[in-house]
*Asks:* 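Next up is a structure, given as structure tokens.
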Amino acid sequence: MIKYEKFELSNGLKVIFHQDKSTPIACINILYNVGARDENPEQTGFAHLFEHLMFGGSINIPSFDEPLQRVGGENNAFTTNDITNYYLTLPAENLETGFWLESDRMLSLAFSDKSLEVQRSVVIEEFKQRYLNQPYGDVWLLLRPMAYKVHPYKWDTIGKEIAHIENAKMDDVKNFFQNFYCPNNAIMVVAGNVELEEVKRLSEKWFSPIPKGPDNKRALPVEPAQTEARSLQVERDVPVDAIYKAYHMCSRHDKEYYAVDLISDILSRGNSSRLHNALIKNKKLFGDLHAYVMGDFDKGLFVVSGKLSQGVSMEEADKAIDEELQKMKSEQVTVDELQKVKNKMEAAHVFGEIEVLNKATNLAIAELLGDADMINKEVEKYLAVTAEQIQEQANAIFRAENCSTLYYNAKK
């Protein structure tokens with residue numbers, strides 16, 4: 001059970017406090033309710049560009065990292081299609097340094113031409129290295145627009161194309177910042193060896209002077225149900241053939257999510273999972289094979305992806321995956337098999353809550369999803385899943401017309 005307290009500042013910043021006296025560390029996690037799905041389709045990659053710009057210094061602090069490192073702290077961030085999350089850890093006695101740094105960049109990020117040019121070139125280089133010049137790097141640039149036709153999940157966090165970042169104008173960048181990087185669009189979690197009164201005092205001192213931003217009401221287009229199988233064949237300079245199958249599924253908000261997540265565990269969590277046993281160990285059709293949910297806040301994807309063993313045809317690999325998925329539909333999972341994945345999930349959950357940073361991030365995400373207390377109820381929801389619900393979701397999801405398949409062929 002993770003105990004926490006919540007309060008809100010007059011400018012709309014939600015603050016969650018969690019005390020953990022077992023560590024000398026304090027953590028500040030600021031989650032901004034903005035991701036790649038909030039971008040203009042003609043200007044994609046902005047949320048990710050900001051992940052870089054936010055470390056380029058603010059008006060009063062030219063280098064974000066330097067003062068933090070001086071007090072023994074470190075920081076990082078990540079962007080998804082749904083959120084942008086910034087976090088730092090530092091010795092608890094230096095907590096105020098963290099408040100000073102985070103509040104200054106929320107209030108007054110330094111929009112210099114130099115910073116924009118530096119970070120722009122960093123992001124362009126990342127686009128080339130990770131997505132265009134790395135084996136299998138462009139998979140999501142191909143799979144997303146095939147699976148999604150109207151919802152903004154159809155582009156990856158890096159953006160649709162390099163040109164969008166190359167052509168980003170200072171005014172566009174400033175507008176994006178002013179819309180989304182404001183206190184009423186953020187959740188701050190302060191966790192670790194900290195006291196509630198001190199966190200309240202520092203929150204008021206450093207964050208309450210920051211003015212409220214606009215109220216962002218999302219009105220994203222809803223992806224229509226997929227009614228026909230989609231596929232794409234590509235040939236790339238990669239070591240082995242690979243296959244990617246993406247099925248539409250429910251969102252992270254839906255009660256069915258827990259059953260679907262457990263299906264991915266039954267199929268591919270660990271060496272005793274179904275796909276590993278049947279298609280890697282016994283039939284030797286794949287070198288690796290995974291099933292996973294994307295965990296998207298809007299209706300998301302269930303993905304099965306694998307690299308084929310030498311000499312195995314795409315048809316054979318595709319058929320073998322399909323047979324395993326059909327078994328999930330036609331036969332109920334046994335009590336033992338279901339209990340085994342529930343036990344693994346529970347152990348992973350407990351283990352994951354040891355780190356104070358994990359707790360801080362998970363509290364912020366739970367709050368954004370509707371209620372921080374979800375963090376304490378998740379395990380129960382997984383444990384309550386029945387074999388009937390597993391079968392029901394397998395039948396709802398694993399349909400040919402609900403699938404987009406990418407056949408990723410190695411150049412012969």
Side-chain angles (χ1 to χ4, degrees), residues 135-136 139-140 143 146-147 229-231 238-250 256-296 300-348 382 385-410:
Y136 313 102
V139 164
W140 285 102
L143 202 49
M146 180 165 39
R230 298 170 187 159
S231 67
V238 293
V240 293
D241 295 345
I243 186 170
Y244 301 84
K245 298 182 77 66
Y247 296 86
H248 289 276
M249 60 169 276
C250 63
E256 294 81 9
Y257 177 81
Y258 302 97
V260 182
D261 196 17
L262 286 179
I263 291 174
S264 71
D265 288 355
I266 291 165
L267 286 170
S268 89
R269 188 171 199 159
N271 290 348
S272 60
S273 62
R274 290 190 178 193
L275 293 179
H276 190 276
N277 260 336
L279 307 187
I280 296 179
K281 212 159 84 182
N282 297 340
K283 294 185 180 170
K284 299 186 170 41
L285 297 176
F286 290 88
D288 71 47
L289 189 55
H290 304 281
Y292 49 94
V293 298
M294 299 295 286
D296 295 310
L301 296 175
F302 186 109
V303 182
V304 181
S305 67
K307 298 197 171 67
L308 282 61
S309 298
Q310 218 63 49
V312 174
S313 73
M314 237 5 137
E315 294 71 26
E316 199 181 350
D318 202 358
K319 186 165 171 272
I321 291 172
D322 198 49
E323 281 168 6
E324 289 304 316
L325 301 184
Q326 291 307 319
K327 282 179 200 164
M328 295 284 323
K329 291 165 71 172
S330 58
E331 304 158 19
Q332 266 191 20
V333 58
T334 65
V335 175
D336 287 353
E337 191 177 16
L338 184 52
Q339 195 53 53
K340 186 181 74 180
V341 294
K342 285 179 178 179
N343 293 346
K344 280 186 178 175
M345 174 282 308
E346 191 171 11
Y382 281 106
V385 171
T386 65
E388 288 78 15
Q389 288 168 327
I390 296 268
Q391 191 175 20
E392 195 179 295
Q393 285 308 305
N395 276 284
I397 294 167
F398 301 137
R399 297 173 291 112
E401 70 275 15
N402 188 41
C403 184
S404 298
T405 307
L406 175 60
Y407 299 107
Y408 205 96
N409 298 289

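Because the structure is a prediction, the values reported are computed rather than measured.
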*Asks:* Fit a plane to each ring of F398 and F302, take the angle between them on a 0 to 90° scale, and name the class: parallel (under 30°), tilted (30 to 60°) or perpendicular (over 60°).
*Replies:* perpendicular

*Asks:* Kindly indicate whether the side chain of V303, heavy atoms from C-beta on, has any atom under 4.5 Å from the side chain of W140.
*Replies:* yes

*Asks:* Answer whether the closest heavy-atom distance between the side chains of Y247 and L301 falls below 4.5 Å.
*Replies:* no

*Asks:* Going by the rule salt bridge (Lys or Arg N to Asp or Glu O under 4.0 Å), which residues pair with E315 if we only count those two or more places apart in sequence or in a different chain?
*Replies:* none

*Asks:* Passes side chain to side chain contact (heavy atoms under 4.5 Å, CB included), L308 versus M314? Steps please.
*Replies:* CA-CA 8 Å; L308 282 61; M314 237 5 137; 4.0 Å; yes

*Asks:* Taking it one step at a time, do K245 and D322 satisfy salt bridge (Lys or Arg N to Asp or Glu O under 4.0 Å)?
*Replies:* CA-CA 10 Å; K245 298 182 77 66; D322 198 49; 5.9 Å; no

*Asks:* With rounding to the nearest 0.5 Å, note down the distance linking CZ in R399 to NZ in K329.
*Replies:* 8.0 Å

*Asks:* Check this for me: does any side-chain nitrogen of one of K327 and E323 sit under 4.0 Å from a carboxylate oxygen of the other?
*Replies:* no

*Asks:* When you look at CD of E401, are more than 12 heavy atoms from neighbouring residues, nucleotides or ligands closer to it than 6.0 Å?
*Replies:* yes

*Asks:* Please report the interatomic distance CE(M146) to OG1(T405), rounded to the nearest 0.5 Å.
*Replies:* 7.0 Å

*Asks:* Given side chains that start at C-beta, do those of F286 and L275 come closer than 4.5 Å, heavy atoms only?
*Replies:* no

*Asks:* Of the options I266, L267, V260, D261, which is the one that meets S264 in a side chain to side chain contact (heavy atoms under 4.5 Å, CB included)?
*Replies:* D261

*Asks:* Quick one: pull up OG in S273 and CD1 in I280 and give me the separation to the nearest 0.5 Å.
*Replies:* 7.0 Å

*Asks:* Find the distance between CG (L279) and CD (E316) and round it off to the nearest 0.5 Å.
*Replies:* 10.5 Å

*Asks:* Ignoring hydrogens and angles, state whether a donor on the side chain of Q391 or N395 is under 3.5 Å from an acceptor on the partner side chain.
*Replies:* no

*Asks:* Below 4.5 Å, heavy atoms only, C-beta onward: do D265 and K344 meet side chain to side chain?
*Replies:* no

